[in-house]
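Note that the structure is predicted; figures quoted are calculated from it, not measured. Here, residue 1 is the first one in the sequence, and each next residue gets the next number.
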Amino acid sequence: MIDNLILGFEAALSLENLLWCFVGVLLGTIIGILPGLGSATGVAILLPITLVFDPLTALIMLAGIYHGSQYGATITAILIATPGEASSVVSTLDGYQMARKGRAGPALAISAISAFVSAFITVLLLLTLAQSFAQLALGFGPIEILSIMVFGFATVSVFSSGNLLLGMAMCTVGVLIATIGIDMGTGVARFTFGNVDLFSGVPFVEVMIGLFALGELLSQLDKGQPKPIRARFKDLLLTKEDFKRATPSTIRGTIIGFIVGILPGAGSTLASFLAYGTEKKFSKHRKEMGTGAIEGVAAPDAATSAAANGAFIPTLTLGVPGGATTAVLLGAFLLYGITPGPLLFDQQPQLVWGLLVSFLIGHFMLLLLNLPLAPVFAQLLRLRYGYLYPLIIFTSFIGAYAISNNNFSLWVVLIFGVIGYFMKRMNFPIAPLVLGLVIGPLFEKALVQTSAIGGGDLGVIGTSPIAVGILIASALLLVGPKIISMIRGKKGSGLGIDSPEAALKESFGEEVPTVPGANGAHETTDSESKNNRSDS
């Protein structure tokens, strides 16, 4: 292990590899800032340029683009509610609220720090346990993946703004939108109405740009143009309290992201949703989530970074891409004449360990790039909104058009922008709809495969102890809070509460309303009673 690490550092720390690693993370950050491009598109576009490089140098640059785009996508998500790619959608929920409160600097800074800490931990895991984790991932087939998707649906309870039924309805709408396109089981077009553009489904990134960026812009215009944020410089810096609150969230997000990342096809978007849902259940400040809690930025960004690194485990050790971007990178491996698989670590140790060590170097470069620039990016919100709105519209439509180079993407952004506006106006939660869009296709694929394994009988799920355990956890996530509240209610009605005053203290805390005639409270005299009757 030590010999391999030394070999990796020798390869990654050459001047040429350091230069192209820096170019990669810088280009990746720019690509991430532009909504709609995303890491997969960025890597695919720049792949031909790298064909003249040494394979290790080329892969280091492409990996830098992959990681840099994760950082860049969060910048626009926090500042202007425009997620650069799918995995940064969840960061919008609390990150944008922090920005509106004049805390854009801390939001951007904690995003960079949590992503770096997560990357550092997960790269160490990659270096030491990659092949062991690959064997673990092999144990997860379609049945286990299906149960994880069900668990993902169960997290809708934490995105429902207190109304579980409404949240489930919005999640169902998201799943229904996700069914548009070619049926995975039969190959027949569904709900496309003869439109060729819908054969591949409703484009996810364009939907996100419309719901969040354009929807928020229309909502702001309806309320009247807000004043620019005049944050003081000290408001743009992290405090000890910020670090204290963000640390456990970062660790939880790292664990969740890495576990989800090593599962082929799960992706960093699902990891960020699960990490956010965990914070809403277990964070000490869970009541603040959705209103600008720093945990709502730290956890999903840590999960995104961890999942991005975890996705390399099945890619390198099994030759199975962990997500869309690693699928493009897998193609790059094959172009360079390299075949990923169990023997890769033994046959080309310099390439593998040099690439893994470059992840650490790339994330360190991104931290040095993003931390000093966080207050600078935050100053963007000091612009008058009359100047900022055209910039948001331009960025949104240019990003959407860049994905497919046709006008259909622009119409999708416009339509879902209007939908997002009305959802905000009627207080419909957007996050469950997005969750349905994310999990819908993954759920359908796992469902079709599981049905095929069982010959049409979904009872085959019961043969997997892992799947059964995850399904039980999903049920507890949905009904657990109700059961706990019922138990607490029973305790309050007759177990340990001796008087009406004690019951009121249980409900109101120390400020207890006066209860006439209860335990020394003000008694009504006969004369007062007569006066009251005469007043009546």
Side-chain angles (χ1 to χ4, degrees), residues 70 73-74 77-78 81 83 86-99 101 103 106-119 121-122 148 151-162 164 167 171 212 238-239 241-261 266-308 310 429-432 434-435 438-439 470 473-474 476-478 480-481 484:
Q70 308 283 350
T74 308
I78 290 171
S87 59
S88 60
V89 168
V90 186
S91 303
T92 307
L93 302 178
D94 279 275
Y96 182 66
Q97 293 303 321
M98 286 184 70
K101 293 177 179 179
R103 303 206 71 220
L108 291 169
I110 206 65
S111 169
I113 292 170
S114 61
F116 173 76
V117 171
S118 173
I121 295 170
T122 51
I148 290 174
F151 184 80
F153 279 129
T155 61
V156 73
S157 61
V158 302
F159 292 104
S160 301
S161 302
L164 181 59
C171 185
F212 286 95
L238 286 165
T239 63
E241 179 65 17
D242 291 332
F243 280 112
K244 185 179 177 182
R245 289 177 56 170
T247 299
S249 302
T250 300
I251 293 170
R252 283 191 290 262
T254 300
I255 295 169
I256 292 168
F258 192 69
I259 293 171
V260 174
S268 54
T269 306
L270 177 61
S272 63
F273 269 96
L274 292 177
Y276 190 88
T278 302
E279 290 307 301
K280 289 208 70 165
K281 287 291 183 184
F282 298 105
S283 172
K284 290 181 180 179
H285 304 276
R286 54 186 173 273
K287 292 182 180 178
E288 298 176 30
M289 299 287 286
T291 63
I294 201 162
E295 294 88 344
V297 178
D301 284 339
T304 299
S305 180
I430 292 178
V434 177
L435 188 69
V438 170
I439 298 180
I470 295 173
S474 305
L476 290 175
L477 189 63
L478 283 173
I484 292 170

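Scanning both residues, S88 and A77, for their nearest heavy atoms gives O-CB, 3.7 Å. Contact between S305 and A115 at its shortest, heavy atoms only, is OG-O, 2.9 Å. Across all non-hydrogen atoms, the minimal contact from S111 to I78 is CB-CD1, 4.3 Å.
How far CD1 of I294 is from CZ of R103: 5.5 Å, rounded to the nearest 0.5 Å. Atoms OH and OG, on Y96 and S91 in that order, are 15.0 Å from each other to the nearest 0.5 Å. Residue I110 holds its CD1 atom at 7.0 Å from OG1 of T247, rounded to the nearest 0.5 Å. Taking CD1 from I113 and CG from L108, the interatomic distance works out to 11.0 Å, rounded to the nearest 0.5 Å. In this structure, I255 CD1 and L274 CG are separated by 13.5 Å, a value rounded to the nearest 0.5 Å. Interatomic distance, I121 CD1 to F116 CZ, rounded to the nearest 0.5 Å: 10.0 Å.
Contact annotation: the side chain of M98 approaches that of P106 to within less than 4.5 Å [non-hydrogen atoms, C-beta and beyond]. When side chains are defined from C-beta on, T254 does not count as touching V117, because their heavy atoms never get closer than 4.5 Å.
For the residue pair E279 / S249, a side-chain donor-acceptor distance below 3.5 Å is found, with atom types taken as modelled. Side-chain atoms of S114 and D301 form no donor-acceptor pair, as typed in the model, at a separation below 3.5 Å.
In this structure, the side chain of T122 engages the main chain of S118 through a donor-acceptor pair within 3.5 Å. Without hydrogens or angle criteria, S272 side chain to P300 main chain gives no donor-acceptor distance under 3.5 Å. Counting only distance, with no hydrogens or angles, the side chain of T291 and the backbone of E288 share a donor-acceptor pair below 3.5 Å. A donor-acceptor pair under 3.5 Å is absent between the side-chain atoms of D94 and the main chain of G296, judged by distance alone.
Paired with E295 under the rule salt bridge (Lys or Arg N to Asp or Glu O under 4.0 Å), one option of R252, R245, K284 passes, and it is R245.
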